[in-house]
Asks: 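Could you have a look at this structure, given as C-alpha cells, before my questions?
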Amino acid sequence: MPTYEDDYQLSIEDPVAFWQQRQSEIEWFETPTKTLDQDANGSWRWYVDGSLNSCWLALDRHIEAGRGDATALIYDSPATQSIASYTFNELSARVKKVAGAMREAGVSKGDRVIIYLPMIPEAVIAMLACARLGAVHSVVFGGFAPRELAMRIDDAEPKLILTASCGIEFDKVIPYKPLVDAALELATHKVDGVVVKQRPQCEATLRAENEFDWSAWEAAGPSAEVVAVSALDPLYILYTSGTTGRPKGVVRDNGGHAVALTYSMHAVYGVNAGDVFWAASDVGWVVGHSYIVYGPLFKGCTTILFEGKPVRTPDAGTFWRVLANHRVKTFFVAPTAFRAIKKEDPECDLLAKYDLSSLEYLFVAGERCDAPTWHWLDDHLDVPVIDHWWQTETGWSICANMVGYGLKPQKVGSLTLPVPGYDVKILTDDGDEAKPNEDGNVVVAQPLPPGALPTIWRDHDRFIESYWSAFPGYYTTGDGGYRDEDGYVYVMGRTDDVMNVAGHRLSTGQIEEAIAAHPAVAECAVVGVRDSEKGQVPLGLVLLKDGMNIQAAALQDELVQLVRQKVGPFTNFKRSVVVKRLPKTRSGKILRQVMRKMADGDEYVIPSTIDDPDILDEIRAALTDAEISRGTA
Ligand code: COA
Ligand code: AMP
C-alpha cells in the first residue's frame, strides 16, 4: 500500500504514471491507451481515447457484479415526512425508463437537458438518465429566480426542462412551474418540452401541448440501454458564479470525472462499496453532483438524498437522526449548517437521543470552517472533523486530510495537504513563490488532475482569462491563503469578487445587476461582509440618482425584494447603505475588497491607484452610521 507521500510525489513528478494506475478503478468500454494529451484549445485532457458511460458505472456495473439488490439511494425527506429506499436494480429500472422517454422526446448524445428540481429522487434519476444517453445535464439550484434560470437556458440551449410542481422550504411550499414559465418567457431559446413531476403538496397546471406529466411520461418510456461516450464528451454543465453577473458554465467530462471521483471515495473519504455516505448538500451545487450522485454510486455505496434542513425539520437533531437511522459512515456537510444547529442547540443535547456508532468521519467544506464551529464539532462528536477544500471548477478536493492513506495530524484552520494530482503553490502578486506562512494567491500548476474543468461552455476565452491569465502555467483558484512550515495549506478567503453566503457561491456582480434595476439607483457596489451564521452576507452600497427622494429604509425593502425576485432568496441580501460616492481606482474599478475589509473591521491597505482617498472616509462614516463598520485603516 503506497503512502500519501509516495502517491503525491508520483502524481506530481509523473502524472501520467499515477493516473494510468488509477484508470483501472473504473470499467471502460474502450480502455484508454493515451492518458494525457492537449486538445485543440490547448487544454490538458485525460484518457483521451477511452470510451465509457457514467450511468453504467453508477448502476449497471454494480448490478452485473451481483449487487443489484443492495441499496443505492435512500430518500429521507422530513419535508414530506417520508423515507424511501431504492436498490441498484430499482433505481436502474427508473433511470432506463426516463432515459427512454427522453430519447422518444428527441434527446440524444450531446443534447442538453436542464434539471430544475427539488431534492427528490427524480433529480438523481434525471441526471443518470441524461448520462445514460450521453446527453449533457445542467442542474439549476431550485433557489434560483426565473432570470437566473433564463440565463442558463439561453446559454445551454436545452431540448428539455425536467422540473417538479413544487419544492418545500421548511413549512413553505414553493410552486416551481410558475418560475419555469417565467424563465421561458424571459429566455430567447425555445425548448421542445417541459416535464413536470407532480407533487401532492401543490399540483401544477399543464397548459401547453409540450408540457408533460412526469409519471405518465416515464411510464410510457421504453427502457433505454447505455450509449458509449468518449472520455472527453461532456457529462454536465454546472453554472457557477464568477466575478461578473453572467454565470460561468463549468464543463465536466466523463472519463476524468469517473476516475477522479471513484479514487476519491476511498482515498479521501475512506468508504468502499456497501458503505453509507451522506453529503447534506443540494443536487444544484457541485457537492450534490459529485457526492450525492456520482461519487458514491460509482463506488457502489449507498447515498442519501435529504430533503430537509439542519434545523426546524423538525428540530436541530435531524442530522443526528439521519446519521443514526441509516448507519452513515462518512458525513459531508457545510459548516454553516452546524452554525444553524449550534444556535438552536448550543450544548448539542439532542445528540444524546441517537446512536452515532456507525459514523467514522465528518468532512466539512464549501466555506472556511471557523474555529468555534470546528471545536464545537470536535467536542461533541467522537470522530475526526476534517476540513477540506475544493471548488465547482475542480469537482473534487484540492486539499484534504486523506482517510485512505491514514490521517495526518490535524491542525485547526488548515486543510492539511494537497491531494495527489494537485501541485498547489502560493504565489505573491508578482508571481514569485511565497515563503512559508506568507499570504498569497493559491494556484495549481498545470496539468490539473482528471475531473477538473477543461473549459467553460462555449466560452473558452473566458476560461483562459478567468483561470490561466494571472499566472501563466498556473490555474488561479481565486482563493488567498498560505502554507506553513510543514506544507499544510490554509485558505483564508476569496481574492476576487466572489462571495460565499451560507455555503452558496455568489458573485457581487449578480446582485449588483439586480439592485441597479431599481429606478432610484444610479450606481451600486455589493460586498460580502462577515456574518456569524451565514459566513458572509451581501451588503449593498448604493448611490442614488440626483433628485431621488426615498427613505433609506423604504429603499432597502424594495432592493431586498428586487434581489429575491431577480437572483433568489438564498442570497440573504438584507442590508443596503446609501453613500454619496464609491471608491474607485483611477481606471474606474470599484474597490470592493477595501470596503469589505472596512465593514469587517479588518486591516486594509489603501491602493496607490485610488482615485480619491477621501471617499474612503465617507464610506467609513456611512458604515458607522448604519452600525456596520468596525473598520480601521
Ligand atoms: N428553493 C427556494 N428557496 C430556497 C432554497 C431553495 N432550494 N434554498 C434556500 N432558500 C431560501 C430559504 O427558504 C430562505 O428563504 P427566506 O428568506 O424566505 O426565509 C432563504 O433562501 C435563505 O436560505 P439559506 O441561507 O440557505 O438558509 P436556510 O435556512 O434555507 O438553509 C442551510 C440553511 C445551512 C441548510 C443552507 O444554507 C445550506 O444547506 N447551505 C449549504 C449549501 C451547500 O451545501 N453548499 C455546498 C458546499 S458543501
Ligand atoms: P463552490 O464552487 O461553490 O464549491 O465554492 C468554492 C469556494 O468556496 C472556494 O473557492 C472557496 O472560496 C470556498 N471554500 C470551499 N471549501 C472551503 C474550505 N474548506 N475552506 C475555505 N474555503 C472554502
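Remember, it's 1-based here, ligands and their atoms both numbered in the order they're listed.
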Asks: Yes or no: does Gly478 have any heavy atom under 4.0 Å from an atom of ligand 2?
Replies: no
Asks: Hey, does Glu393 come in under 3.5 Å of ligand 2, counting only N/O atoms on both sides?
Replies: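 Between Glu393 and ligand 2, no N or O pair is found under 3.5 Å apart.
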Asks: Would you say Trp278 and Asp76 are linked by a side-chain donor-acceptor pair, where the criterion is simply a distance under 3.5 Å?
Replies: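 Absent: no donor and acceptor within the cut-off.
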Asks: To which protein heavy atom is atom 6 (C) of ligand 2 closest, and what is the distance rounded to 0.1 Å?
Replies: Trp390 O, 3.6 Å
Asks: Under a 4.0 Å heavy-atom limit, does Trp285 contact ligand 2 with its side chain, its backbone, both, or neither?
Replies: neither
Asks: List the protein residues in contact with ligand 1, where contact means a heavy-atom separation under 4.0 angstrom.
Replies: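 Residues Phe141, Gly142, Gly143, Glu169, Phe170, Lys172, Ile174, Ser281, Val287, Lys309, Pro310, Ala334, Thr336, Ala337, Ala365, Gly366, Ala502, Gly503, His504, Lys534, Arg564, Pro569, Phe570, Asn572 each place a heavy atom under 4.0 Å from ligand 1, listed by chain and number.
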Asks: What protein heavy atom sits nearest atom 3 (O) of ligand 2, and how far off is it?
Replies: Arg505 CB, 3.4 Å
Asks: Which of the atoms of ligand 2 are close to Thr392, meaning less than 4.0 Å from one of its heavy atoms?
Replies: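 Under 4.0 Å from Thr392, ligand 2 has these atoms: 1 (P), 2 (O), 3 (O), 4 (O).
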Asks: Any donor-acceptor pair under 3.5 Å linking the side-chain atoms of Trp396 with those of Tyr294?
Replies: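 No donor-acceptor contact under 3.5 Å links the two side chains.
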Asks: Any salt bridge linking Glu465 with Lys248? Criterion: basic side-chain nitrogen under 4.0 Å from a carboxylate oxygen.
Replies: no
Asks: Passes ring-ring contact (aromatic ring centres under 6.0 Å, His included), Phe144 versus Phe570? Steps please.
Replies: CA-CA 8 Å; Phe144 274 120; Phe570 70 99; 5.1 Å; yes
Asks: Test of understanding: given a 4.0 Å heavy-atom threshold, classify the contact between Arg494 and ligand 2 as side chain, backbone, both, or neither.
Replies: side chain
Asks: Does Thr477 reach ligand 2 with a nitrogen or oxygen that is under 3.5 Å from one of the ligand's nitrogen or oxygen atoms?
Replies: no
Asks: Find out whether Leu417 and Tyr8 are in side-chain contact, i.e. whether some heavy atom of one side chain is under 4.5 Å from a heavy atom of the other.
Replies: no
Asks: Compare all side-chain heavy atoms of Ile386 with those of Leu407 and state whether any distance is below 4.5 angstrom.
Replies: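 The answer is yes, as the side chains (C-beta and beyond) meet within the 4.5 Å cut-off.
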Asks: Where's the contact between Val287 and ligand 2, heavy-atom distance under 4.0 Å: side chain, backbone, both or neither?
Replies: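 The answer is neither.
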Asks: Decide, yes or no, whether a salt bridge links Lys408 with Asp486 under the criterion of side-chain N to carboxylate O below 4.0 Å.
Replies: no
Asks: Would you say Asp479 and ligand 2 have an N/O pair spaced under 3.5 Å apart?
Replies: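 For ligand 2, there is an N or O atom that lies under 3.5 Å from one belonging to Asp479.
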Asks: Within a strict 4.5 Å, meaning less than it, do heavy atoms of the Trp376 and Arg339 side chains meet?
Replies: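 No, too far: nothing below the 4.5 Å cut-off.
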Asks: Considering distance alone, does some N or O of Val364 sit under 3.5 Å from an N or O of ligand 2?
Replies: no
Asks: Could you find the nearest protein heavy atom to atom 16 (N) of ligand 2 and give me its residue, atom name and distance?
Replies: Gly366 N, 3.0 Å
Asks: Answer with side chain, backbone, both or neither: which part of Asn500 has a heavy atom less than 4.0 angstrom from an atom of ligand 2?
Replies: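 It is the side chain that gets close, since no backbone atom is under 4.0 Å.
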Asks: Salt bridge check, Lys309 against Glu344: does any charged N sit closer than 4.0 Å to a carboxylate O?
Replies: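 Between Lys309 and Glu344 there is no salt bridge, as every charged N stays at least 4.0 Å from the carboxylate O atoms.
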Asks: Considering heavy atoms of the protein only, find what lies nearest to atom 18 (C) of ligand 2 and give residue, atom and distance to 0.1 Å.
Replies: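 Sorting protein heavy atoms by distance from atom 18 (C) of ligand 2 puts Glu367 O, 3.3 Å first.
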Asks: Please name the residue in the list Tyr291, Phe319, Trp320 that meets the ring-ring contact (aromatic ring centres under 6.0 Å, His included) test with Phe331.
Replies: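 The passing option is Phe319.
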Asks: Any idea which heavy atoms bring Cys166 and Gln201 closest together, and the distance?
Replies: SG-CB, 4.0 Å
Asks: Looking only at heavy atoms, is any part of His504 under 4.0 Å from ligand 2, and if so is it the side chain, the backbone, or both, or is it neither?
Replies: neither
Asks: Quick test of your reading of the model: are Asp423 and Lys425 salt-bridged, counting only N-O distances below 4.0 Å?
Replies: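 Salt bridge: yes.
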Asks: Run the ring pair (Phe, Tyr, Trp, His ring centres under 6.0 Å) test against Tyr176 and tell me which residues pass, sequence neighbours left out.
Replies: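 Counting only residues at least two positions away or on another chain, Tyr176 forms a ring pair (Phe, Tyr, Trp, His ring centres under 6.0 Å) with Tyr116.
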